[in-house]
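Source: prediction; values computed, not measured.
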Amino acid sequence: MFEKEERMLREMKRETADNTEAVSDEALDAVIRSGIRGGKRRLQYRSRRGTFSAIAVVLAAALLLVMWGSVPGSLVGPKHQLAQGPYPPLTGFDLGEDITLNTANKHGLIQPIHQSADQGDYRVTVNGILIGTQQMEIFYTIENKTEVPLDVKRVEIKRQGSAEELPYSVGSSGGYQLGKGTHQAQLNVFMQESGQLQQNLTFSFAIAPYSTNTVYDRKTENEQVLDINVTLDLGTVREYVKTVPLNQMLQIEKQRFYLVEAVLSPAGIVLKAKVPSGNTMKVTGLWDVYLESVVDGQPVRLGSGSAFLPGEGDEMTYFFASNILDNPESITLKAGGFHAVDPAEMTVVVDTDKGQVLRSPDGGIRFGEYAEHTLTLEYEEKVDSNRGSVSIKPEFMDGEGNEHTLDTGRGISFSTRSDSAGGINKMTQYLYLEPETYPQPLTFELSSYPGVMKQGLRVPIL
């Protein structure tokens, strides 16, 4: 799948069918040297007058969240000692089959907020928040009182009293037509590092009338910003967080991958890992990875919805679903091998004048078009093949050896469709180049590409 690495992503729009539902994909990574590999958690809009479903991810940086604490004895124990939080169940939102959200809601860990803001013909209400160690899920509604569809351009998180936006990676923004009426929304917020979560935060929702001219712009002149102050109950969350040191080296042939620790919370299980130096292959993570949680003797699969790819220091972070409030008897990390490719193959050479991809790993990336300074690249992924991410760094070289950077203000967009009859996922990536003339050809460096070293891996977590 296409993914933009080196922490760049300002706007990404990609629709995909994975297990028959939209996924937040193998996403991007660009301006901040980490990446996020997406998965099944999704940004949803649901309307009383219709259903709106879309995906996009705005990756800014990371750092925001929370607590390293000890977990009470009730977290892992007999089934009659299920952990129970203090909040009533959140109502009015469709949680689907999301294990994390349904478990947290059943056990009273989604904090009710019910704070609103009005601006002009728009009204936003934050209904509830599920907090984890490096992620949180925000449930809110948007009311549009006009006949003109609205577009949520962005959601910013700030400390109360500060105008500076906190760095985070978030499923959000851009390209959705929300008509008249009230719409449900869920927002996934991911942090690259755990840290001190502020108790008092301000959520700023930037809303504008929908326009095809500004659909992928992060800001517009006619936008309205609605601020909502939120006080988080951090004390309750700390009671349900557990850190498990792992300190285990995984090895396939001569390639290694180091597991540092797992952090368990009601909002998700975070796995910290590192790619050791000395590997001769480009190792970018675990292949076919998931957690197996056993509850009442029955295995439950906890998928990895997102992951920050290896960045500076070769550190990476996986985000898994969580059912720890059900007191699993055990949790085991399972994987089918490593994502690993030959580093000598990690380039894409494109001649935009001739309209050709001159070189790419195994010839799998093809030229789409180059128009209005937007380069379109296409990639086909067979469902039965070794799935992985295609990550292109934001820096690229022109034909005279000059280095350039993609237009990070517009970011990267994806569109994906599944051809179930042919067993192929067809993906398109849009790279926005700054308006200028580039000597040909252009050379882009890949930070990840599908390639697998297969070997069954199993590591006990609990």
Side-chain angles (χ1 to χ4, degrees), residues 1 3 5 26-27 29 33-39 68 133-134 190 192-194 242-265 268-294 299-322 324 328-346 361 385-391 446-462:
M1 292 179 207
E3 176 177 29
E5 217 176 24
E26 275 85 30
D29 171 11
R33 296 209 178 262
S34 94
I36 190 166
R37 178 175 299 143
W68 301 80
T133 54
Q134 291 180 226
F190 299 94
Q192 187 180 8
E193 300 292 341
S194 57
K242 179 179 179 63
T243 301
V244 181
L246 298 176
N247 301 320
Q248 183 162 340
M249 185 72 72
L250 304 179
Q251 185 165 328
I252 301 178
E253 297 177 5
K254 295 183 180 180
Q255 313 307 315
R256 300 178 300 163
F257 189 82
Y258 182 64
L259 301 178
V260 180
E261 64 185 11
V263 186
L264 287 65
S265 81
I269 297 175
V270 177
L271 178 68
K272 294 289 189 178
K274 188 173 184 178
V275 179
S277 59
N279 287 335
T280 56
M281 299 285 283
K282 177 72 174 181
V283 177
T284 56
L286 300 171
W287 174 66
D288 192 23
V289 61
Y290 64 96
L291 299 179
E292 184 178 85
S293 173
V294 177
V300 179
R301 184 180 177 117
L302 304 177
S304 175
S306 304
F308 285 107
L309 296 174
E312 292 183 1
D314 290 325
E315 298 176 350
M316 70 176 303
T317 304
Y318 282 96
F319 297 90
F320 293 91
S322 173
I324 64 169
E329 292 125 42
S330 66
I331 298 178
T332 304
L333 173 74
K334 293 187 175 183
F338 294 163
H339 282 288
V341 293
D342 184 347
E345 300 296 322
M346 299 291 282
S385 69
N386 297 328
R387 304 184 66 178
S389 62
V390 177
S391 298
L446 291 161
S447 48
S448 68
Y449 195 81
V452 172
M453 300 180 69
K454 294 184 178 181
Q455 179 177 305
L457 304 169
R458 178 187 178 98
V459 178
I461 304 295
L462 276 181

Please evaluate residues Lys272 and Gln134 with respect to the criterion side-chain contact (heavy atoms from CB on, under 4.5 Å), reporting the C-alpha separation (whole Å), side-chain torsions for both, the decisive distance (0.1 Å), and the verdict. CA-CA 11 Å; Lys272 294 289 189 178; Gln134 291 180 226; 2.9 Å; yes
Worked check of side-chain contact (heavy atoms from CB on, under 4.5 Å) between Ile331 and Ile269: CA-CA 10 Å; Ile331 298 178; Ile269 297 175; 4.1 Å; yes
Step by step, would you call Val289 with Phe320 a side-chain contact (heavy atoms from CB on, under 4.5 Å)? CA-CA 10 Å; Val289 61; Phe320 293 91; 3.9 Å; yes
Under the ring pair (Phe, Tyr, Trp, His ring centres under 6.0 Å) criterion, do Phe319 and Phe308 qualify, and how do the steps go? CA-CA 8 Å; Phe319 297 90; Phe308 285 107; 5.6 Å; yes
Test side-chain contact (heavy atoms from CB on, under 4.5 Å) on Thr284 and Tyr449; report intermediate values, then the result. CA-CA 9 Å; Thr284 56; Tyr449 195 81; over 6 Å; no
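A side-chain contact (heavy atoms from CB on, under 4.5 Å) with Trp287 is found for exactly one of Leu457, Val452, Ile252, namely Val452.
Of all heavy-atom pairs between Ala335 and Leu286, the closest is CB-CB, 4.2 Å. Between Ser306 and Phe190, the shortest heavy-atom contact is OG-CZ, 3.4 Å. Closest of all the heavy-atom pairs between Leu246 and Pro460 is CD2-O, 4.1 Å. The two residues Pro343 and Met281 have their closest heavy-atom pair at CD-CA, 4.1 Å. Nearest approach of Ser322 to Ser265, heavy atoms of both residues: OG-O, 2.8 Å.
Side-chain atoms of Phe257 and Met249, non-hydrogen and from C-beta on, never get closer than 4.5 Å to each other. Using a 4.5 Å heavy-atom cutoff, the side chains of Pro361 and Leu446 are in contact. Under the 4.5 Å side-chain criterion, counting only non-hydrogen atoms from C-beta, Leu259 is in contact with Leu333. In this structure, Val341 and Met346 have side chains that are in contact, with non-hydrogen atoms separated by less than 4.5 Å. Thr243 has its side chain out of reach of Thr133: every pair of non-hydrogen atoms, C-beta onward, lies at least 4.5 Å apart.
Rounding to the nearest 0.5 Å places CG of Asn279 at 11.5 Å from CD of Glu253. The line from OH of Tyr290 to CG of Leu302 is 10.5 Å long, rounded to the nearest 0.5 Å. The CD atom of Gln248 sits 8.5 Å away from atom CD1 of Ile461, with the distance rounded to the nearest 0.5 Å. Distance check: Ile324 CD1 to Leu291 CG gives 11.5 Å after rounding to the nearest 0.5 Å. Annotation: the span from Gln251 atom CD to Met453 atom CE amounts to 9.5 Å, rounded to 0.5 Å. With rounding to the nearest 0.5 Å, the separation of CG in Leu264 from CG in Leu462 is 5.5 Å.
Within the structure, salt bridge (Lys or Arg N to Asp or Glu O under 4.0 Å) pairs that include any residue of residues 333-345 comprise Glu292-Lys334 (at least two apart or interchain).
Shown here are the side-chain hydrogen bond (donor to acceptor under 3.5 Å, both in side chains) partners of Thr332, two or more places apart in sequence or in another chain: there are none. Listed by chain and number, the residues in a side-chain hydrogen bond (donor to acceptor under 3.5 Å, both in side chains) with Tyr258 are Asn247 (sequence neighbours excluded).
Judged by distance alone, with hydrogens and angles left aside, the side-chain atoms of Arg256 form a donor-acceptor pair with the main-chain N or O of Ser277 at under 3.5 Å.
For the residue pair Gln255 and Lys282, no side-chain donor N or O sits within less than 3.5 Å of a side-chain acceptor on the partner.
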